[in-house]
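Presented below is the structure to which this report refers.
So that the names make sense, note that chain A is the first sequence line, chain B the second, and so on, each numbered from 1. What's counted below: heavy atoms across the whole structure, side chains too, no hydrogens, waters or symmetry copies.
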Amino acid sequence: MRCHPGHHRARAAAHAAHRGGSRRRRAPAARRGRGVGVAAEPAGGWPARLDPCEVEARWVEAWDQSGRLRGDPSSPRAPYVIAVPPPNVTGALHMGHALNGTIQDVLIRRHRMAGYETEWVTGTDHAGIATQAVVEKELAAQGIRRLDMTREEFLERVWAWKTEYGGRIIEQFTRLGCTMDFSRERFTMDDAYARAVLRVFVDLHEKGYVYRDTYLVNWDPGLGSAISDLEVENREVTDTLVRIAYPLSDGTGEVVVATVRPETMLGDTAVAVNPGDERYQALVGRTVTLPLAGRTIPIIADDHVDPAFGTGALKVTPAHDPNDFEIMRRHGLEAVQVIGEDGRMTDAAPEVYRGLLVVEAQERVLADLTAAGLIRGTEEYVHSVPFSHRSGARVEPLLSLQWFCDMKALATPAIEAEAKGQVRFTPPTWGRVYRDWLEDIQPWCLSRQLWWGHQLPVWYRGDDVHVGIDPPDGDGWERDPDVLDTWFSSALWPFATLGWPERTEELGRFYPTSVLSTAREIIFLWVARMVMMGLEYMGDVPFRDVYIHSVVQAPDGRRMSKSLGTGIDPLNVVDRDGADALRFGLLMITSTQDVRFSEDRIRQGRQLVTKLWNATRLVVDRGGRVGAPPPVVLGDRWIASVIGTAVEEADRLVAGFEFSQFADRLYHLIFDDLCDWYLELLKAGLATPEFAGAALEQVLALAHPVIPFTTEECWSRLPGSEGLMLTHEPARAPGPRDPDAEAAIALVREVVQTIRSVRAEQGIAPRERLVVAVEADGPCELPLDALEAIANVDAGEPGDDALVVLVSFGRILVRVPEVDATAERAHLEAALEAARGELARAERQLANEDFTARAPARLVDAEREKAGRFAGEIAATLARLDALT
RNA sequence: GGGCAGUUAGCUCAGCGGGAGAGCGCCCGCCUCACACGCGGGAGGUCACUGGUUCAAUCCCAGUACUGCCCA
């Protein structure tokens, strides 16, 4: 039985068990059926390859059942906590989620295995605009309009939609192997969460930060709502700049202004010129008569007017332009709002224009001005225009009564926290981006004219305004219909998910979280605001580290997007190559900058998985098992040393969020060290099966956070293993550094590789056994038996006509059936040229007195050593060439 | 307009003061008793350009040229 009931969780588990929890089509049945059926006979067959689909389903279930995904606040272990950036409840898993999920899971799993009490808080964001749009669209398909319903009826539909589809993206994370705490899954519209949100709003109001004001907002006509500055995107647009003559009121002339929005002239309340502009100095203080409207408006001087733009005279429309709004404030002007929220001309416009759409009004105004002979010319003009990120509509700056939050006071501690290192950004460059934004922060418009969201805890009766969670006593109070910007509730995520404002045990134990991993595009929208709210309400930052991950682009460098057709569905990749391959591939491409998705890296991951699987098969075959006997034999001592080094490096790399380096080291540890050399040494008798089991265990543990499914499956096949790799706390690195063993194996590798090169150059088949002698210049112990096995040679007397090959410590004599003199000469000449080049470089260094005098002694010595070595190599090579002829 | 990144092997990218690296691709040879999603051997880079600092620069600094992102 499940101890943590929950709608999504049950669904996630159902999915995990492959009973079809996901609405997404499962992998083809044929593929699933082709597996070896490991579940049926866990210790049974060893197919050449793992069937990821089959393996993944079983382990997702096992992890979920383990109980270790739920962090225990009463545990004595040190906590390690991550709050997932809550995806939109409407969302589907995309490649960015996949990367971020992998990164967080790597961190969580590593810490879980290292003995931390881990908690990965998960959940979804109600995403006001996006969710409302999705449901409206669904209704529209049935011919229903939102405005035909009551608010309550509509919200019922949204909740029904959420219940039906809302958990999908969290389920999808399980397919990647993400070990989130599904038992504590949160939704930003949950009752408790919603109470926290309203409480913060009321509290900020009491503190004087939240206020109501008439202000110019970014009105999104497509959405019918105000949006924040951060939801606005500026785009270059070509418009027609129209010059319009405004006659001076006393009839002595005119002032010509230039505008791309002629219809807004109806709302002009001044004409502004630069005080230093000699052309207009005489006019400042006089008035003009506003054409079409007939109002008399002043000519004022303002420093912010650019004399070089247009005619140098600026029409001032405070209700419809942000800059003009500021001018109004400076000069105490009026604002006349001629465009309404419905995108039509208001009653403040002259009667003939009232009710016209903006575009209609523009045509009409131009026609009327032309008729009046007041147009003084037009020109094409390229400028930057705000568009809504949400609806794509051109943003209409509109004067409107909204609720705002003054961010200045909240920003100051957030700036200090970063400056003092209480929050650290990785890569550090984002710290500056964060700081720059906070230092020039603007008031935040909190009101959204939507139905889905946290409705403002504000009540009106006539001119009375009450801010409070509950309506005030008495009749006739009406609640503000607007909802809060979704980011307002997201800002509370790191503590509201843990039960705030209740002082829960979880809150005390799991706040602040350890690290936030997220995308850079929400540094302002979300990260900075979480820091502000965390400091205000918890007295501490919400996370110690902020890791900003790469943006994953399409393979051609374009943005991954559905509309461009460049999107790649991570779940398709999982179906095809397995979650481990995807995880590994994504980590490999991760960088400090944007990256391109790479099928090659996914394939590399798939091959890594197969390799490790086969290595496990070999080790188990040879009798390897879990347990860590001390390494005695050379090969065992060597791999112990290599793994020990790799473990140390992994600690350093992951602590520094260097995930691609970590993945790369794992790859080479497994392919090169473990498989190419150690397992060959094992076959050659230079390592023991007992220790091979221990070595494999260490490698599996190190790789587990990256490729959890494969390592879990391999671990389960290793005799003596108990429980889950998920919670396995491996002994520290099996061996300390062993320089002697490393040096000895380096010699073995050199000899083997030299012999292989000789084979290739002389065209000798790998299976042909050769007679070889090794002559060392100094004392040198080589494990000849192992060499014979690995290089397929016999130690013996190669004879006088043997091929002599130089190695770093002496010579190798190889009896070759028939020496290919041409190939050998080419090889020697190439080696000679290279050695001469190196010698020349070293001698040049040593001849430089500045170098010998100023460079560190060890480098000078090293250079002398090299010079000697290369000189010897040249002499020996020349002798070889002589002998050849 | 301001700011921040980037320019390294055919491709995609690591490295970032002391002898240029990976994966893929390419060439050659291997079904070697874990693995052909494999094994072995190779070829292939005046590290964008111009100056500067340094005994020493792919790496640090300045500038130039492209490319991308963010803010206005």
Side-chain angles (χ1 to χ4, degrees), chain A residues 46-50 229-230 232-234 322 384 386 427 429-430 432-433 436-437 440 520-521 523-524 551 553 555-559 577-578 581 585 588-622 624 658 660-661 663-665 667-668 671-672 674-676 679-680 682-683 752-769 789-792 827 830 834 837-839 841-842 844-856 858-860 862-863 866 869-870:
Chain A
W46 287 96
R49 288 190 280 281
L50 277 175
D229 290 346
L230 293 170
V232 172
E233 169 190 6
N234 291 298
S384 180
T429 176
W430 298 112
R432 218 187 107 173
V433 173
D436 287 351
W437 184 73
D440 187 34
R520 61 153 186 268
E521 70 220 33
I523 291 175
F524 309 141
V551 173
Q553 299 169 331
D556 61 3
R558 288 188 296 169
R559 207 174 173 74
D577 296 315
M588 278 296 279
I589 60 172
T590 307
S591 169
T592 52
Q593 60 194 65
D594 288 355
V595 295
R596 299 178 183 200
F597 183 76
S598 162
E599 294 285 359
D600 278 348
R601 296 301 187 187
I602 304 298
R603 181 164 53 164
Q604 213 181 330
R606 207 176 63 204
Q607 289 165 347
L608 178 72
V609 159
T610 305
K611 194 74 176 171
L612 195 53
W613 169 247
N614 281 294
T616 304
R617 167 152 68 156
L618 176 72
V619 170
V620 172
D621 231 34
R622 302 265 165 165
E658 297 184 76
S660 67
Q661 295 290 318
D664 188 67
R665 296 298 159 84
Y667 181 87
H668 287 105
F671 264 83
D672 301 346
L674 185 73
C675 294
D676 283 355
L679 294 183
E680 294 307 316
L682 175 67
K683 291 180 194 170
V752 170
Q753 284 172 330
T754 302
I755 293 169
R756 284 172 179 166
S757 291
V758 168
R759 280 185 193 278
E761 272 162 21
Q762 295 291 326
I764 302 166
R767 73 178 79 81
E768 192 166 341
R769 211 160 168 90
I790 297 173
N792 192 30
H827 170 248
E838 294 297 341
L839 179 64
R841 192 197 49 76
R844 214 178 310 124
Q845 283 276 63
L846 291 165
N848 182 349
E849 280 175 30
D850 284 329
F851 172 74
T852 50
R854 309 175 83 153
R858 46 170 258 276
L859 289 171
V860 178
E863 217 55 46
K866 282 182 212 164
R869 182 151 47 84
F870 290 126

Hits for side chain to side chain contact (heavy atoms under 4.5 Å, CB included) against A:Arg596, two or more places apart or cross-chain, chain-then-number order -> A:Gln553
Across all chains, not counting sequence neighbours, the salt bridge (charged side-chain N to carboxylate O under 4.0 Å, His left out) partners of A:Arg432 are A:Asp436
When you measure from the side-chain N and O atoms of A:Arg432 to the phosphate of B:C4, is any distance below 4.0 Å, counting only OP1 and OP2?
yes
A:Asp600 CG to B:A9 C1', in whole Å, measures 15 Å
Atom CD of A:Glu768 and atom C1' of B:C30 are separated, to the nearest Å, by 13 Å
What are the atom names and distances for every N/O pair under 3.5 Å that joins the protein to nucleotides 31-33 of chain B?
from, atom 1, to, atom 2, distance (Å)
B:C31, OP1, A:Arg767, NH2, 2.8

A:Arg756 meets the side chain to side chain donor-acceptor pair (under 3.5 Å) criterion, sequence neighbours left out, with none
Rounded to whole Å, CD of A:Gln604 lies from C1' of B:G25 at a distance of 13 Å
Here the distance between atom P of B:C35 and atom CH2 of A:Trp613, to the nearest Å, is 13 Å
By side chain to side chain contact (heavy atoms under 4.5 Å, CB included), A:Ile764 pairs with (sequence neighbours left out) A:Arg759, A:Gln762, A:Glu768, A:Leu770, A:Val816, A:Pro817
Rounded to whole Å, CG of A:Asp436 lies from P of B:G3 at a distance of 11 Å
In whole angstroms, the gap separating C1' of B:C4 from CZ of A:Phe524 amounts to 11 Å
Contacts of A:Pro766 meeting side chain to side chain contact (heavy atoms under 4.5 Å, CB included) (sequence neighbours excluded), chain-then-number -> none
Ring pair (Phe, Tyr, Trp, His ring centres under 6.0 Å) filter on A:Phe851, not counting sequence neighbours, yields none
Residues passing the salt bridge (charged side-chain N to carboxylate O under 4.0 Å, His left out) test with A:Arg559, sequence neighbours excluded, are none
For this session: Report yes if a side-chain nitrogen or oxygen of A:Gln607 is closer than 4.0 Å to either non-bridging phosphate oxygen (OP1 or OP2) of B:G38; otherwise report no.
Result: yes
Write down the distance separating the C1' atoms in B:U46 and B:U67, rounded off to the nearest Å. 23 Å
Per-residue pairing states of RNA chain B in dot-bracket (Watson-Crick or G-U under 3.5 Å; . unpaired, | other strand) read (((((((..((((....[..)))).(((((.......))))).....(((((..]....)))))))))))).
Check your understanding: What interatomic distance, in whole Å, is found between P of B:C13 and the corresponding atom of B:G17?
Key -> 23 Å
In whole angstroms, the gap separating P of B:C13 from CZ of A:Phe597 amounts to 14 Å
A:Asp664 atom CG is separated from B:C13 atom C1', nearest whole Å, by 11 Å
Are any protein N/O atoms closer than 3.5 Å to N/O atoms in nucleotides 14-18 of chain B? If there are, list each pair with its distance.
from, atom 1, to, atom 2, distance (Å)
B:A14, OP1, A:Ser591, OG, 2.5
B:A14, O2', A:Gln661, NE2, 2.4

Residues passing the salt bridge (charged side-chain N to carboxylate O under 4.0 Å, His left out) test with A:Arg606, sequence neighbours excluded, are A:Asp577
Applying side chain to side chain contact (heavy atoms under 4.5 Å, CB included) to A:Phe524 and not counting sequence neighbours gives A:Leu230, A:Val433, A:Trp437
